Amino acid sequence: MTDSRKEIRFDVEALPELDTAVAISGAQHRQEVGGGVCLSIAAGIALYYGSRP
Amino acid sequence: MIIGNELRTWIGDRDRQRRTIAAMNRFAGAWGEGPFHRNFTEVMAALPGQSAETVVEGVRILFADDAWVEALLASLAEEMSRDPFFDPPFRHMSSDIHNGLVLFEDDHVSIAAGVTRIAQLAARKSGRIGPASIAFTGQVTLLKFVKAGGARISIWDAPEISSDFSAATAGRCVHAATRDLADGEILLIDGRRQGFVIEHAAANLLILQATAKPDRAPLAVEYDSESHLYVGCSAADDSASRIQMVTTLVRKLGGEGGFEAIASFLDHPNFFVRWHVMRELLGIDGAAALPHLKRMAASDPHPETRRAARVTLEHVEARLALGKAA
């Protein structure tokens with residue numbers, strides 16, 4: 001059976017973002033001054049998309 | 001690549017490699033069946049609840065006696081001095097100033113032992129270029145400073161990181177206390193609203209850390225170390241980031257047959273995951289995503305997600321009426 005309906009796909013990059021940008025787990029926006037750095041266990045996730053500034 | 005004679009010999013000697021691996025397996029087996037591991041397993045299984053507080057209180061009792069840490073390190077040192085290619089059979093955790101090994105992990109807690117190196121800490125402090133941040137991990141952590149290294153730490157408070165967190169209401173962090181650490185001191189840091197900074201130290205720190213898994217905040221948050229204003233946030237749980245990556249990948253691969261599986265994440269507890277998934281669904285099939293988008297615009301619990309869905313809804317309905325996407 002063939003699905004005759006043609007999907008309408010939206011350009012994801014053009015859709016609105018949340019005001020609160022959330023970076024990928026483990027990402028740091030800035031270098032820490034020491035302390036929290038020893039608490040985070042490296043997640044080992046490939047950086048498929050980068051953290052936003 | 002320059003290979004030392006010892007490594008060259010080891011690489012060419014299959015029997016020696018087998019002996020190294022056998023020693024690592026033997027060590028891992030003995031550790032897994034040893035008293036420390038057994039104690040932790042029993043205590044975690046007998047917890048009176050599944051909250052972060054009950055987990056850390058259970059660990060606090062187990063951290064009271066830390067003789068096993070030195071015994072473990074001595075055993076590892078002995079193995080490594082006997083065979084330089086012996087690799088401690090634990091998951092490694094590392095940063096540029098801290099190296100640790102994950103010694104125990106279950107559904108309730110992750111326990112690690114590690115060393116914060118004074119030379120690298122000093123280099124970071126003195127060689128810092130540009131702005132730095134104070135981190136709030138979003139996790140409840142119990143730290144035991146087996147060797148405190150004469151460290152002085154500052155403790156910081158921030159608004160609680162909860163499921164309705166937003167950058168607009170993140171506020172700023174405030175200095176709560178400064179204290180000198182003593183060897184053997186146990187410190188509870190509720191990373192949902194507390195962070196700490198090692199201000200200075202005189203020697204390496206040997207730290208045991210227990211990170212509770214229940215009741216984690218959705219985000220880790222950073223504040224500027226000088227202005228104390230909000231800098232940014234990241235997912236506290238790597239599974240949230242994995243969902244985001246996989247759903248993007250499915251859409252980029254065409255999304256064939258993946259729509260329903262991706263849509264099941266629309267009820268994810270993290271607001272940023274729900275919106276990410278919604279966008280990916282619109283990238284796969286706008287018409288099929290429309291009912292989900294309407295529901296999100298009307299009733300998503302997070303105001304930013306609701307607002308983004310409402311703005312998008314107008315655009316999507318207009319485009320679908322015209323029969324084309326943009």
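These numbers were taken from a predicted model, which means no experiment stands behind them. Chain letters run A, B, ... following the sequence lines, proteins first, then strands; residues in each count from 1.
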(Q) For B/R152, I'd like to know if atom CZ has over 12 heavy atoms of other residues, nucleotides or ligands within 6.0 Å. (A) no
Q: Test side-chain contact (heavy atoms from CB on, under 4.5 Å) on A/E7 and B/I284 and set out the steps.
A: CA-CA 7 Å; A/E7 294 98 351; B/I284 294 172; 5.9 Å; no
Q: Compare every heavy atom of A/A21 with every heavy atom of B/C233, then report the nearest pair and how far apart it is.
A: SG-O, 3.4 Å
Q | B/F136 portion near chain A, given a 4.5 angstrom heavy-atom threshold | A | neither
Q: State the CZ-CZ distance between A/R9 and B/R251, to the nearest 0.5 angstrom.
A: 9.5 Å
Q.
Is any side-chain heavy atom of A/S25 closer than 4.5 Å to one of B/D237?
A. no
Q) Does any heavy atom of chain A fall under 4.5 Å from the side chain of B/L282, the backbone, both, or neither of them? A) both
Q. In Å and rounded to the nearest 0.5 Å, what is the CG to NE2 distance from A/L15 to B/H276?
A. 11.5 Å
(Q) Tell me if a side-chain donor or acceptor on B/R279 pairs with a main-chain N or O of A/P16 at a distance below 3.5 Å. (A) yes
Q: Taking the side chain as every heavy atom from C-beta outward, state whether B/F272 and A/T20 have any pair of such atoms under 4.5 Å apart.
A: no
**Q.** Gap separating the CD atom of B/Q244 from the CD1 atom of A/I24, nearest 0.5 angstrom
**A.** 7.5 Å
**Q.** ring-ring contact (aromatic ring centres under 6.0 Å, His included) involving B/F104 - partner list, sequence neighbours excluded
**A.** B/H37, B/F40
**Q.** Region of B/V316 in contact with chain A, defined by heavy-atom distances below 4.5 Å
**A.** both
Q) Quick one: CZ on A/F10 to CG on B/D285, what's the gap to the nearest 0.5 Å? A) 9.5 Å
Q) Would A/D19 and B/S166 satisfy side-chain contact (heavy atoms from CB on, under 4.5 Å), going step by step from the backbone distance to the final call? A) CA-CA 8 Å; A/D19 293 337; B/S166 74; over 6 Å; no
**Q.** chain A contact via B/S154 - which portion, at a heavy-atom distance below 4.5 Å
**A.** neither
Q. With respect to chain A, which residue among B/A308, B/G255, B/A235 yields the maximal number of heavy-atom pairs within a distance under 4.5 Å?
A. B/A235
